[in-house]
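Because the structure is predicted, anything quoted here is derived from the model rather than measured. So you know, we letter chains A, B, ... as the sequences are listed, proteins then strands, and number each from 1.
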Amino acid sequence: MPISGFPEWLPPQRMIEQYVLDRIRTTFELYGFAPLETRAVEPVDTLLSKGETSKEVYLLRRLQEDPDQKSDDNLGLHFDLTVPFARFVVENAGKLNFPFRRYQIQKVWRGERPQEGRYREFLQADIDVVDRDTLPFHYDTEMPLVIGDVFRGLPIPRATILVNNRKVCEGFYRGLGLADTDQVLRTVDKLDRIGPEKVADLLISTAGASRRQAEACLELASISAGDGSFADAVRKLGVDDPLLDEGLAELLQVVETAGRLAPGLVRAELKIARGLDYYTGTVYETQLQGYERYGSICSGGRYDNLAASGTERFPGVGISIGVSRMLGLLFGKNALAVSRKVPTCVLIALPDEEARPGCDAIAAALRGRGISTEVAPVPAKFGKQIRFAERRGIPYVWFPGEPDTVKDIRSGDQVEADAAVWEPPAEDARPRITQQ
RNA sequence: GUGGUCGUAGCUCAGCUGGUAGAGCACCGGGUUGUGGUCCCGGGGGUCGCGGGUUCAAGUCCCGUCGGUCACCCCA
């Protein structure tokens, strides 16, 4: 029986997932991010102090547990990869070289009510850079470029990375005279769901805003541009605040750098807020074209205060691809296809059981040259054996004989072949993943 | 965690106001005594998600539960 929120893919989907993970990993390493894996559990205190609501954390507990055990060493499954990473950095600061760039591709768990693209167990692929004391801003501009590179190499719809900066919002709200900037942010974040009228009402009733202040917040949130023009639009609103200026300069740098290096990838979108958690500056969200209503498939941001030990601080910036969400959505629309259901490229036909050692030798010769090969399970009629291959999408059937022949069962072409030298065309060597 | 909605064969679904289950595709076998895909013939498969209730009788009505999905919450 399936368990709600714990998806299990069939082999074709898993093959697509592994292909995607390979692309992600090689691209991350191309940018010099070092691999890291952290344990699945953290002390509950660590998880809860970083802004996650307790009801979403899964606890780790033995079946027979001493009820008197100390509550402060309770363990919970991590709900993202950034919090464990921050803990890891503080713990291993002496052994790491800063700035430290790492990637982490792991399962995370959240006790939510699942729906399409939302699971309780899912894969994230995360990159972060952390430094001691201060982290140069140019890393904030690098994150979307890495992700753009990953997505460009995948057979998926176009992705747009929406960027904002908390300093812009907070500075703007402060400059307007609003004190509870967090509450304003959280309310504005609901814009897409409840609409501008209700947001304005909420700002007035819960964040102490006047009608005019609420409208200014909405005007700010409505600004969106693929180039630096957003900055003028913000300034036109006539609000003045040093934090706002700082935020605008940062956001401008992200948008203009991306505009130069990856045109069309990044958009300033002043309404995105990223809930409440630990972000202090740049924030990212990513939309897949045609899947906008399912929300972000890749998010992150700048966190200056997440990792700290005593007087030492380790500011960081990171972004995380929601691999399971992205694939779940694409699978749901049948947007991805794989050319065969198994890795096998060649099926060796088996004339009779006496021929099996010879067939195994042919298979070994092909495998020795990197060609995925299996021998037919039983010496059925050749028609059946071809069908066996066809059902699985295996493109070639090899007939032992004098001489051996190999048949491309898609075209029907059958040619003489020598297991010591024959090669499939490059496009048939591995299953191909294509966009539908 | 709260609420809505759906759950019949591997898949897509039909089954009217309750009268003890069907189609197409898929799968297996044969026609085709060792080279598939077309065509023809035949076949296997369902505790109608699960449990309980109402009824002479429940796939069909009621309750619960599990699962999918949607909205809230939150977010990858």
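Distance, A:Arg293 CZ to B:U69 P: 12 Å, rounded to whole Å. Counting to the nearest Å, the C1' atom of B:G1 and the OH atom of A:Tyr58 are 11 Å from each other. Rounding to whole angstrom units, CZ of residue A:Arg120 and C1' of B:C74 are separated by 14 Å. Whole-Å rounding puts the A:Arg113 CZ to B:U2 C1' distance at 8 Å. Rounded to whole angstrom, the span from the CH2 atom of A:Trp9 across to the C1' atom of B:G68 amounts to 13 Å. Rounded to an integer number of Å, the gap from CG of A:Asp189 to C1' of B:C75 is 10 Å. Computed from coordinates, the A:Phe6 CZ to B:G68 C1' distance equals 16 Å when rounded to whole Å. For the pair A:Ile3 CD1 and B:G67 P, the computed distance is 8 Å after rounding to whole Å.
A salt bridge is defined here as a Lys NZ or Arg NE, NH1 or NH2 lying under 4.0 Å from an Asp or Glu carboxylate O, and A:Arg356 with A:Glu353 meets this definition. For the pair A:Arg152 and A:Asp149, the salt-bridge criterion is met [side-chain N within less than 4.0 Å of a carboxylate O]. A:Glu42 has a carboxylate O that lies under 4.0 Å from a charged side-chain N of A:Arg39, or vice versa, which qualifies the two as a salt bridge. With salt bridges taken as basic N to acidic carboxylate O contacts below 4.0 Å, none links A:Asp304 and A:Arg166. A salt bridge is absent between A:Glu170 and A:Arg174: the closest approach of a Lys/Arg side-chain nitrogen to an acidic carboxylate oxygen does not fall below 4.0 angstrom.
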**Intra- and interstrand pairs of RNA chain B - dot-bracket, Watson-Crick/G-U under 3.5 Å, | marks other strand** = (((((((..((((.....[..)))).(((((.......))))).....(((((..]....))))))))))))....

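In this structure A:Phe98 satisfies the ring pair (Phe, Tyr, Trp, His ring centres under 6.0 Å) test together with A:Phe314, sequence neighbours excluded. For A:Tyr294, there are no ring pair (Phe, Tyr, Trp, His ring centres under 6.0 Å) partners at least two apart in sequence or on another chain. For A:Arg392, there are no salt bridge (Lys or Arg N to Asp or Glu O under 4.0 Å) partners two or more places apart in sequence or in a different chain.
A:Phe33 does not carry A:Arg102 over the face of its six-membered ring by the limits of under 6.0 Å from the centre and within 45° of the normal. Within the cation-pi definition used here (under 6.0 Å to the ring centroid, within 45° of the axis), A:Arg110 does not qualify as a partner of A:Tyr119.
Listed nucleotides B:G67, B:C75, B:A71 differ in distance to A:Ser4; the shortest reach to its side chain belongs to B:G67. Considering only side-chain atoms of A:Gln124, the nucleotide from B:C74, B:A76, B:C70 that sits closest is B:A76. Among B:A76, B:G36, B:A71, the nucleotide with an atom closest to any side-chain atom of A:Ile409 is B:G36. In this structure, the nucleotide among B:C70, B:G67, B:G37 sitting nearest to the side chain of A:Glu390 is B:G37.
A:Pro379 comes within 4.0 angstrom of no nucleic acid atom, judged by non-hydrogen atoms across all strands. Contacts of A:Gly332 with the nucleic acid, taken as non-hydrogen atoms under 4.0 Å apart, are absent. Contacts of A:Phe388 with the nucleic acid, taken as non-hydrogen atoms under 4.0 Å apart, are absent. At a threshold of 4.0 angstrom between heavy atoms, the contacts of A:Ile297 are confined to the sugar-phosphate backbone, with no base atom among them. Among the heavy atoms of the strands, none lies under 4.0 Å from A:Gly295. Among the protein residues, A:Glu116 comes within range of the sugar-phosphate backbone only, with heavy atoms under 4.0 Å from sugar or phosphate atoms but none that close to a base. A:Leu350 comes within 4.0 angstrom of a base, heavy atoms only. A:Lys107 comes within 4.0 angstrom of nothing in the nucleic acid, heavy atoms only.
B:G64 and B:U38 have their P atoms separated by 49 Å, with the value rounded to a whole Å. Taking atom P in both B:G68 and B:U8, the straight-line distance is 14 Å, to the nearest Å. If you take atom C1' in B:C6 and the same atom in B:G49, they sit 12 Å apart, rounded to whole Å. Distance noted for atom C1' between B:U54 and B:G15: 22 Å (whole Å). B:G10 and B:G44: their P atoms are spaced 16 Å apart (whole Å). With both ends at atom P, the span from B:C63 to B:U69 equals 24 Å, rounded to whole Å. Look at the P atom in both B:A57 and B:G52: the space between them is 15 Å, to the nearest Å. Comparing the same atom, P, in B:C40 and in B:U47 gives a spacing of 31 Å after rounding to whole Å.
Note: A:Phe331 and A:Trp9 meet the aromatic proximity criterion, with ring centroids under 6.0 Å apart.
Look at A:Ser299 and you won't find any side-chain N or O under 4.0 angstrom from OP1 or OP2 of B:C75. For B:A71, the OP1/OP2 oxygens have a side-chain nitrogen or oxygen of A:Gln115 closer than 4.0 Å. Put simply, A:Lys190 has a side-chain N or O that comes within less than 4.0 Å of OP1 or OP2 on B:C74.
Here the rule is side-chain hydrogen bond (donor to acceptor under 3.5 Å, both in side chains) with A:Gln104, and of A:Thr82, A:Thr38, A:Asp128 only A:Thr38 fits it.
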Atom pairs under 3.5 Å: protein N/O with N/O of nucleotides 39-46 of chain B:
none

N/O contacts under 3.5 Å, protein versus nucleotides 26-31 of chain B?
unit_1	atom_1	unit_2	atom_2	d
B:C27	OP1	A:Arg391	NE	2.5
B:C27	OP1	A:Arg391	NH2	3.1
B:C28	OP1	A:Arg391	NH1	3.4
B:C28	OP2	A:Arg391	NH1	2.8
B:G29	OP1	A:Lys384	NZ	3.3
B:G29	OP2	A:Arg387	NH2	3.4

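A side-chain N or O of A:Glu29 and one of A:Tyr103 form a donor-acceptor pair less than 3.5 Å apart. Residues A:Glu269 and A:Ser224 bring a donor and an acceptor atom of their side chains to less than 3.5 Å of each other.
Residues A:Pro99 and A:Val129 share a closest heavy-atom pair of CB-CG1, 4.1 Å.
For A:Gln385 against B:U35, a side-chain-to-base donor-acceptor contact under 3.5 Å is absent. The base of B:A76 is not paired with the side chain of A:Glu121 by any donor and acceptor separated by under 3.5 Å. A donor-acceptor contact under 3.5 Å is formed by the side chain of A:Arg325 with the base of B:C75. No hydrogens or angles were tested; on distance alone, nothing pairs the side chain of A:Arg118 with the base of B:A76 as donor and acceptor under 3.5 Å.
In this structure, A:Phe122 forms an aromatic stack with the base of B:A76, since both conditions hold: centre separation below 5.5 Å and plane angle below 30°.
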